[in-house]
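Only heavy atoms go into these numbers, but all of them, side chains included; no hydrogens, no water, no symmetry mates. As the structure is a computational prediction, the values presented were derived from the model and not from experiment. Here is the naming used below: chain letters follow the sequence lines, and residue numbers restart at 1 for every chain.
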Amino acid sequence: MKKIYALSIALFMGLCSCVEEQNFDQFDDLNITPTLEASILYVESPEEVINDAPGAVWYIQTFNFDAFSEAFFADNVLDGVITYELENTTSKELGIIFEFLDDSGTVLDTENFRIDPAPTAVLRREIAYGNATGRSLDIIRNTSAIRVSASNFGDNTSVSSLPDPMIIFRSSGKFRLRLK
Amino acid sequence: MNRFKLFQIAILFGCSALFAQNKELLYDYTEIPQALLLNPGMQTSFSWYAGIPLTSGIYGQGATSGITVHSIFANDGLDINDKVRNRALDGMNQRDEFGTTIQLDLFNGGYRSNKNPQIFYSFGVYFESNTILYWPQDLAYLAFDGNADQLGRKFDLGHLKTKGEGLTVFHFGINKEIDRNLTLGVRGKIYSGIYDFNSSKNDGYFVTTEGENNLLANTMVADLELRTSGLEEIRRVLDDESNGSVSNIITKRALLGGDLGLGVDLGFSYHLNDRTIVTGSILDLGFIYHTGDVLGYTLQGTATTEGVEVILPDAFSDPTADFWQDLVDEIEALIPFEENTNSYLTFRPTQLYGSIRYNFGEPVDGEVDCDCGVGESSADNRFQYRNAVGGQLHMINRPRGPQAALTAFYLRRVGNFLSLKTTYTVDKFSFSNLGVGINVQAGPVNFYALANNILGYSNLANSQYASFQIGLNILSWGTN
């Protein structure tokens, strides 16, 4: 019987498990902050549309845009950059005003662009939000609409010699979110 | 409680049949009645046995092929973000897995036929649950890093694979000694599914590329599906959307009131000579048909978006258009998230065991081989040797293909009242898996305790694999 006791004790001792000290509080320090990017708005207009418009402001449109004000995004966004790109192959100097509006239509932020007639380089601009040098993140959080206004600073008759002349407005956003 | 939380709970408390489930210590441990569940054709010499309800077989297992708790939460002064980055995100891949298994004998018994002592019947009911979650590598990268500055990188949605179930198994087995060398066995099973969830046939990707018009294009090709059974009714009770209690729902579904299925186990033992024996079994050849409380979710389709697009002069035709909502509606139409209540079939995770054993040393208690069958003079058709060595193979069908383990074992018997078994197992989880088991026969009382990967018990938090099994039976040897 002594052997049985000895074996049983040995087995019991062997099975006695230990767990080295763990620090589960570290979980609080875990950061999950992915950076997501996607296009926002694309507008293109051929030169003939600009020529057909009677006044200087040939296009103005307010777009409902709920992506920024969605709770998941608005509650978790940390900072980000919006990239704008304008490409003008028309014969006219053009202006674009890009405005962020809140629910009540109040303008939260404005971005002005003025681009020379063709041939011209692509105009690209990056606007930061939320970091030390960026604009207020509340602009992004409270945006529920975007207004685009386009002005013609040239004539209403000329047509660019380039094929398929048009003004193209491109934009994208790159934002860092805190998931944890 | 939302569905996601319910899903998380199901994973955390999920049961056992899907995971590794290798019970190398118990397999062919002929002194333990529960070994019949692993090979219905095992050589038996019991007259009868009765498992103590709820304690005759308690089995638990946890395993991870990648990181351990210690890898992330060790109190080592390192930044947890660095540890997660280096050890989880960069250190694991989609074949790494986490899993748990639980099996609990509700009752278990067996008896030898009076009319035909070569036949031994066994029967019982056990609860089983298992969960497996493969590391969703690309989705983890997407969650931690996002898609920014990764043009062209396809995040594979197929990395999402998980499966879990809980069920009770009603079984009845027949074990027959065909002749002095060969024993065959078969066990029929009725499965009563309590809950099930599986999302294991996903496909598709998410990619960000340069846009054709705008700066970026986000494309999703999705063929994702999650099927659940037995969870929705519990959710409704927990959310106070219906009357009843969770325990009543589970009890009802456990007692043949849930999803039903059929299965069979087959096994054999064959003496190559007096001292050498080969065994084999195939377990859980069966299926469960999920028909009750079924709820499935699908996300299938293809969509590419470059944001809100306004093309003039076409856009002038509808000056009141809501371009944003149109975009959302278009994407939802292209990749609809849908629910269904379609019944579905799941196949049990079929397992295969095989072994070869060589007995040596003195016969236990100086028995003499009588060259007779069970019941003719003694229940022992062959006497037990003091020692045995051998090798075992275990394979199980898993969502990412078969998984195998090889085991070497040594068995030592001390009289008729004590035996010890040690194993060394190699599988995807560990190359240092040493197991120890003890079986004690104190009169009619049989007690056993088996534990795997005992080296890991020195620091369980750093162990990639741990399992144990204990049980208590009353049994009698020899003829009735």
Donor-acceptor pair, side chain of [X] and main chain of [Y], under 3.5 angstrom:
{"X": "A/Asn152", "Y": "A/Asp155", "value": "yes"}
{"X": "B/Gln137", "Y": "B/Met92", "value": "yes"}
{"X": "A/Gln26", "Y": "B/Ala74", "value": "yes"}
{"X": "B/Asn452", "Y": "B/Ser467", "value": "no"}
{"X": "A/Thr90", "Y": "A/Pro165", "value": "no"}

Atom pairs and distances, donor-acceptor, side-chain atoms in residues 110-119 of chain A, under 3.5 Å, two or more places apart:
residue: A/Glu111; atom: OE1; partner: A/Arg135; partner atom: NH1; Å: 2.8
residue: A/Glu111; atom: OE1; partner: A/Arg135; partner atom: NH2; Å: 2.9
residue: A/Glu111; atom: OE2; partner: A/Arg125; partner atom: NH1; Å: 2.8
residue: A/Arg114; atom: NE; partner: A/Glu93; partner atom: OE2; Å: 2.7

- Message: Does any backbone or side-chain atom of A/Thr35 lie under 4.5 Å from a heavy atom of chain B? Answer side chain, backbone, both or neither.
- Response: both

- Message: Which atoms of A/Val43 are under 4.5 Å from chain B, going by heavy atoms: the side chain, the backbone, both sets, or neither?
- Response: both

What part of [X] is in contact with chain A, defined as an atom under 4.5 angstrom from a non-hydrogen atom: side chain, backbone, both or neither?
{"X": "B/Leu434", "value": "neither"}
{"X": "B/Asp145", "value": "backbone"}
{"X": "B/Phe323", "value": "side chain"}
{"X": "B/Phe316", "value": "side chain"}
{"X": "B/Asn147", "value": "both"}

Hey, which of [options] has the most heavy atom pairs under 4.5 Å with chain A?
{"options": "B/Asp149, B/Leu455, B/Asp314, B/Val328", "result": "B/Asp149"}
{"options": "B/Asn214, B/Leu216, B/Ile80, B/Val308", "result": "B/Asn214"}
{"options": "B/Leu215, B/Asn75, B/Ile311, B/Val69", "result": "B/Leu215"}

- Task: Would you check if there is a donor-acceptor pair between the side chains of A/Asn51 and A/Lys92 at a distance under 3.5 Å?
- Result: yes

- Message: Ignoring hydrogens and geometry beyond distance, is a side-chain donor-acceptor pair present between A/Ser144 and A/Asn142 at under 3.5 Å?
- Response: no

In this structure, which one of [options] forms a side chain to side chain contact (heavy atoms under 4.5 Å, CB included) with [X]?
{"X": "B/Leu25", "options": "B/Thr425, B/Ile438, B/Thr423", "value": "B/Thr423"}
{"X": "B/Tyr205", "options": "B/Met220, B/His159, B/Lys154", "value": "B/Lys154"}
{"X": "B/Arg413", "options": "B/Lys421, B/Glu31, B/Glu362", "value": "B/Glu31"}

- Contact winner vs chain B - A/Leu41, A/Val148, A/Asp52, heavy-atom pairs under 4.5 Å: A/Leu41

- Closest non-hydrogen atom pair between B/Gly307 and B/Leu327, with its separation: C-CD2, 3.7 Å

- Message: Suppose we screen for salt bridge (Lys or Arg N to Asp or Glu O under 4.0 Å). Which residues come up paired with B/Asp90, at least two apart in sequence or across chains?
- Response: none

- Task: May I have the step-by-step check of side chain to side chain donor-acceptor pair (under 3.5 Å) for B/Asn439 and B/Asn446, ending in yes or no?
- Result: CA-CA 7 Å; B/Asn439 179 67; B/Asn446 167 260; 2.8 Å; yes

- Which residues from residues 57-88 of chain A are near chain B, with near meaning under 4.5 Å between non-hydrogen atoms? A/Trp58, A/Tyr59, A/Gln61, A/Phe63, A/Asn64, A/Phe65, A/Asp66, A/Ala67, A/Thr83, A/Glu85

- Note on the structure: Among residues 168-179 of chain A, those lying within the under-4.5 Å heavy-atom range of chain B are A/Arg170, A/Ser171, A/Ser172, A/Lys174, A/Leu179

- Message: Using 30° and 60° as the class boundaries, would you call the ring planes of B/Phe73 and A/Phe27 parallel, tilted or perpendicular?
- Response: tilted

